[in-house]
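This report refers to the structure that appears directly beneath it.
As a basis for the values below, the full set of heavy atoms in this structure was taken, side chains included, without hydrogen atoms, waters or symmetry mates. What you see is a predicted model, and the numbers here were worked out from it, not measured in a lab.
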Amino acid sequence: MVNAIEWVDGRIIMLDQSKLPFEVVFIECTDYRQVAEGIKKLWIRGAPAIGIATAMGIALGAQDIKADNFKEFMKGLEPVVNEMLSTRPTAVNIKWAVERINIFLREKRGESVNRLKELLIDEAKKILKEDVEVNKAIGKWGAELIKDGNTILTHCNAGALATGGYGTATAPMLVAREQGKKFEVIVDETRPVLQGARLTTWELMQEGIPVTLITDNTAGALMKMGTIDLVIVGTDRTARNGDVANKIGTYTLSVLCKEHKIPFYVAAPLSSIDFSISSGKYIPIEERGSEEVTHIFGKCQIAPDGVRVRNIAFDVTPHKYVTAIITEKGIFKPGDIKKLKKANINLEEVRFKP
Ligand code: MRU
């Protein structure tokens with residue numbers, strides 16, 4: 001599996017996911033503005049991956065700052081940070097990365113400017129490395145939910161490409177496979193940008209996991225036929241009460257799951273949980289350009305010229321439709337997620353028992 005993003009010799013190497021699966025093209029970023037452009041244009045996408053890109057983009061931008069002291073350095077960093085924050089609004093991982101870097105720098109304020117620049121690179125690389133470990137832990141917990149012979153449905157791409165590696169929603173599948181379980185995955189195509197059709201199928205096929213692609217409007221029919229045993233999706237931002245923002249169409253799936261008594265699980269690293277907001281109504285929802293809807297890949301037009309379009313990129317699934325949330329600390333009912341913020345809780349007592 002290729003890496004979505006890497007730091008190599010002072011540059012950021014980003015896989016251009018907008019070209020997958022037809023072309024495997026890497027973009028070399030030597031300027032933080034390219035990284036921000038890459039996030040906006042979905043060359044890199046998926047909440048944890050754009051969090052990592054943010055940290056790396058800040059480290060890259062920091063290298064060109066001319067400053068004599070900490071205060072000047074932090075002032076020089078402001079436009080870099082603001083550029084990264086202006087890219088995409090829904091995934092909390094961008095804000096999470098900015099806050100983590102900010103705390104990190106303040107702890108290191110006694111260091112020289114040159115040393116701070118080096119330390120920022122190390123910290124960005126560390127964020128990537130930790131993300132992979134977090135995903136493996138999500139995989140370990142989540143694999144408990146997958147039984148031999150199951151058919152799992154997933155939406156969008158919450159796989160390795162959306163993260164530092166291993167994925168969030170796909171991690172339980174990878175671990176279940178290592179455990180020798182046999183299962184199949186149904187992938188929603190995920191209009192309009194087709195992350196399911198282009199990316200998730202590509203990833204899972206490379207892993208040798210049996211995969212079937214469906215159009216987004218097929219999920220209900222398959223559930224009614226009894227084909228789907230469970231749903232696992234990722235999240236861009238989960239609120240304190242367990243409301244989950246994820247790719248548009250996730251909410252619809254969750255309601256279908258309720259109707260058909262199918263468990264609906266969300267794989268959420270703690271970096272995607274926004275403990276500062278009490279519910280999903282405070283999650284900013286990205287709306288994107290009309291061309292993603294009226295055209296396939298900006299090439300093939302599928303709607304009349306001038307038609308009015310709404311292209312809402314994410315929706316919010318109310319916590320009442322979420323069976324449980326799989327984190328690196330274990331699996332929890334949505335109502336218990338807020339307890340993860342508290343120190344000294346007995347996780348074993350709080351964990352969800354399937
Ligand atoms: O618009 P995208 O492709 O960035 O949307 C991605 C998703 O909705 C993912 O499910 C989410 O970011 C979780 S990725 C582990």
Side-chain angles (χ1 to χ4, degrees), residues 39-40 44-55 57-58 81-82 84-104 127-128 130-131 134-135 137-138 141-142 155-158 162-164 167-169 171 232-248 250-251 254 264-287 312-343 345 347 350 352:
I39 297 174
K40 278 185 200 148
I44 185 156
R45 29 69 48 205
I50 59 181
I52 297 163
T54 297
I58 293 172
V81 167
N82 289 339
M84 304 313 296
L85 285 172
S86 74
T87 52
R88 298 189 74 189
T90 303
V92 74
N93 301 63
I94 293 179
K95 183 168 82 90
W96 173 88
V98 166
E99 280 166 7
R100 174 160 163 170
I101 297 270
N102 198 21
I103 294 168
F104 175 79
I127 288 176
L128 185 148
E130 281 176 15
D131 184 65
V134 161
N135 296 339
I138 288 176
W141 292 108
H155 189 67
C156 194
N157 174 265
T163 64
T168 62
I232 312 180
V233 295
T235 176
D236 283 79
R237 189 186 300 230
T238 288
R240 211 162 61 214
N241 68 344
D243 290 350
V244 170
N246 192 47
K247 179 55 56 196
I248 193 80
T250 303
Y251 165 60
S254 74
F264 180 87
Y265 297 112
V266 177
L270 294 190
S271 61
S272 298
I273 300 177
D274 189 346
F275 292 99
S276 74
I277 53 169
S278 56
S279 84
K281 79 173 179 216
Y282 301 107
I283 300 177
I285 299 294
E286 177 180 15
E287 290 212 29
I312 304 170
F314 299 95
D315 57 29
V316 176
T317 297
H319 58 91
K320 66 176 178 182
Y321 293 129
V322 178
T323 308
I325 298 180
I326 314 163
T327 75
E328 63 269 41
K329 301 251 182 248
I331 308 174
F332 301 92
K333 287 203 194 121
D336 285 334
I337 277 295
K338 56 181 173 302
K339 297 184 183 158
L340 293 177
K341 192 69 182 158
K342 293 192 190 133
I345 60 154
L347 289 176
V350 186
F352 169 80

What do you reckon, is CZ of F275 surrounded by more than 12 foreign heavy atoms closer than 6.0 Å?
yes
For a quick test of reading the model, state the closest non-hydrogen atom pair linking P48 to D131 and the distance between them.
CB-OD1, 3.6 Å
Tell me the closest heavy-atom pair linking V134 and P269, and the distance in Å.
CG1-CB, 3.7 Å
Which atoms form the tightest heavy-atom contact between D236 and N93, and what is the distance?
O-OD1, 3.7 Å
Considering residues at least two apart in sequence or located in another chain, which fulfil the side-chain hydrogen bond (donor to acceptor under 3.5 Å, both in side chains) criterion with E130?
R100
Evaluate the side-chain proximity of L340 to L270: yes if any heavy-atom separation is below 4.5 Å, no if none is.
yes
dist N241:CG -> K338:NZ (nearest 0.5 Å) comes out at 8.0 Å
Should the pair Y265 and F352 be assigned to parallel (<30°), tilted (30 to 60°) or perpendicular (>60°) ring geometry?
perpendicular
Compare all side-chain heavy atoms of I58 with those of V98 and state whether any distance is below 4.5 angstrom.
yes
Find out whether F314 and T250 are in side-chain contact, i.e. whether some heavy atom of one side chain is under 4.5 Å from a heavy atom of the other.
no
To the nearest 0.5 Å, how far apart are OG1 in T238 and NE2 in H319?
12.0 Å
Please give me the minimum heavy-atom distance between P89 and P284, naming the atom from each residue.
O-CG, 3.4 Å
Is a donor on one side and an acceptor on the other found under 3.5 Å between the side chain of R45 and the backbone of N157?
yes
Would you compute the distance between atom CD1 of I248 and atom CG of D315 and round it to the nearest 0.5 angstrom?
4.5 Å
Mind running side chain to side chain contact (heavy atoms under 4.5 Å, CB included) on S271 and E328 for me, showing each step along the way?
CA-CA 10 Å; S271 61; E328 63 269 41; over 6 Å; no
Taking everything shown except K333 itself, do over 12 heavy atoms lie less than 6.0 Å from its NZ?
no
Please test T235 against T168 for side chain to side chain contact (heavy atoms under 4.5 Å, CB included), starting from the C-alpha separation and ending with a verdict.
CA-CA 9 Å; T235 176; T168 62; over 6 Å; no
Within this structure, what is the CH2-OG1 distance for the pair W96 and T54, rounded to the nearest 0.5 Å?
10.0 Å
Does some side-chain heavy atom of I39 sit less than 4.5 Å from a side-chain heavy atom of M84?
yes
What one should report as the nearest heavy-atom pair of I331 and I326 is CG1-CG2, 4.1 Å
Say you draw a straight line from CD1 of I277 to CG of D243; how long is it, rounded to the nearest 0.5 Å?
8.5 Å
Any chance you could lay out the side chain to side chain contact (heavy atoms under 4.5 Å, CB included) test for S86 and K40, step after step, and finish with the verdict?
CA-CA 9 Å; S86 74; K40 278 185 200 148; 4.2 Å; yes
Side chain to side chain contact (heavy atoms under 4.5 Å, CB included) evaluation trace for I283 with D274
CA-CA 9 Å; I283 300 177; D274 189 346; over 6 Å; no
Looking only at non-hydrogen atoms, find the nearest pair between A91 and I50 and report the distance.
CB-CD1, 3.8 Å
Drop me the distance from H155's NE2 to S254's OG, to the nearest 0.5 angstrom.
10.5 Å
